[in-house]
Amino acid sequence: MQHTSKLPNIKTTIFTVMSDLAQKHQAINLSQGFPNFECNSELRELVTKAMADGFNQYAPMPGVFELRNEVSKKIERLYDAYYHPENEITITAGATQAIFTAISTFVYAYDEVIVFKPAFDCYEPAIELSGGNVIPIQLKAPEFDVDWIEVERNVTTKTKMIIINTPHNPTGRIFNEKDLFELQRITDGTNIIVLSDEVYEHIIFDGLKHQSVCKFQGLKSRSIIATSFGKTFHVTGWKIGYCCAPKELMDEFRKVHQFNVFCVHQPSQIAFTEYLKEPKHYLRLNDFYQQKRDLFLDLIGDTPFKFIPSQGTYFQNLDYSEITDENDVDFSIRLVSDYGLASIPLSEFNVDNLDFKTLRFCFAKNDETLKRAAEILNKIK
Ligand code: GLN
């Protein structure tokens with residue numbers, strides 16, 4: 001039997017590769033982004049209770065209404081923007097599904113989709129599967145600032161979508177208000193859809209503010225926002241998040257969503273409905289992770305690794321160019337096999353695997369793990 005791969009250039013995702021290597025070498029795993037500590041026991045008890053209470057069959061296709069209602073209230077409180085729980089919010093199997101569904105819904109063959117590189121690795125395969133063309137815009141280390149004039153130059157009549165991600169994985173940089181105004185200006189008067197990956201919206205440091213697209217009227221009307229309960233509540237394994245968009249876009253999104261997953265895990269939705277009623281459950285996340293970032297950076301302050309403190313996300317990039325000329329993939333493999341510390345080489349997310357001699361480390365770990373990781377980094381000269 002013969003078949004032609006629809007994704008001939010795609011390998012197993014680097015997150016799986018590095019987590020497997022970490023396991024093989026019994027290494028400290030700061031590669032794939034997930035916490036190594038437990039979620040709040042209250043949340044676990046709420047899910048257990050929902051199961052005991054019999055919420056074990058299909059949820060409504062767009063998600064449990066009361067949860068959508070809580071999400072709507074949260075967005076309004078935080079960003080002063082309104083999404084109708086009935087037809088503008090859908091509960092998804094994590095942000096990855098929301099992103100895949102959004103791209104499948106709107107991207108036609110030969111449509112162009114602008115993606116900022118380094119980019120999280122789920123965007124491009126989804127675009128390619130829809131027959132779209134990825135238009136990559138490579139950002140430069142260490143600032144990774146967007147040159148909006150360059151973006152404007154890349155917009156054509158074929159541009160269907162621009163994907164943004166703030167706070168940004170893997171760089172830990174955020175978009176400021178000016179960036180969003182520029183995006184609004186560039187898309188004004190076009191039919192371009194903005195797909196905004198905001199999964200780290202509650203992990204942002206040093207008093208900086210998350211700039212959600214929904215705060216900008218000209219962007220809200222053309223945007224689909226993907227978010228994640230997994231990131232916010234330390235339950236990445238539950239694979240649940242939500243997506244919001246104006247009704248016209250959400251109506252189309254749901255046509256695909258219903259045949260993509262139909263609906264997602266009902267007991268978790270019941271639990272999050274209760275849990276979201278208490279804003280401190282997500283508002284205290286900034287301080288929680290800032291302490292971890294600061295601990296990690298304090299502990300490696302005397303090493304030859306160079307860094308700009310992460311502005312958001314639970315990732316910190318370290319530039320190792322003063323240590324070795326090796327490319328980042330080789331260095332990350334040596335780090336995991338010889339030193340027992342797993343990280344993610346940034347080149348995996350760049351155009352032509354551009355190598356900034358930079359590795360990404362996840363600091364969503366207990367302090368003990370961060371200290372052990374820092375000890376290792378201090379040994380590398
Ligand atoms: N978001 C996680 C990270 O960046 C990985 C998720 C995944 O493995 N797909 O590490």
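Numbers here are sequence positions counted from 1. Indexing begins at 1, ligand by ligand and atom by atom, following the structure's order.
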Glu152: partners by salt bridge (charged side-chain N to carboxylate O under 4.0 Å, His left out), with sequence neighbours left out | Arg185
Among all residues two or more places apart in sequence or in another chain, which pass the salt bridge (charged side-chain N to carboxylate O under 4.0 Å, His left out) test with Glu326?
->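 Testing Glu326 for salt bridge (charged side-chain N to carboxylate O under 4.0 Å, His left out), a comparison that skips the adjacent residues, returns Arg334.
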Roughly how far apart are Asp338 CG and Ile376 CD1, rounded to 0.5 Å?
->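 CD1 of Ile376 is found 11.5 Å from CG of Asp338.
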Cation over ring face, Lys220 and Tyr83, 6.0 Å, 45° |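 So Lys220 does make the cation-pi contact.
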Residues in ring-ring contact (aromatic ring centres under 6.0 Å, His included) contact with Phe181, at least two apart in sequence or another chain =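 So Phe181 forms a ring-ring contact (aromatic ring centres under 6.0 Å, His included) with Phe216.
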Show me the short polar-atom pairs for ligand 1: any N or O of it lying under 3.5 Å from a protein N or O, with distances only.
residue  : atom   : partner : partner atom : Å
ligand 1 : 4 (O)  : Asn169  : ND2          : 2.8
ligand 1 : 4 (O)  : Arg360  : NH1          : 2.9
ligand 1 : 8 (O)  : Gln32   : NE2          : 2.7
ligand 1 : 10 (O) : Gly33   : N            : 2.6
ligand 1 : 10 (O) : Arg360  : NH2          : 2.8

Parallel, tilted or perpendicular, as decided by the 30° and 60° cut-offs, for the rings of Phe356 and Phe144 = perpendicular
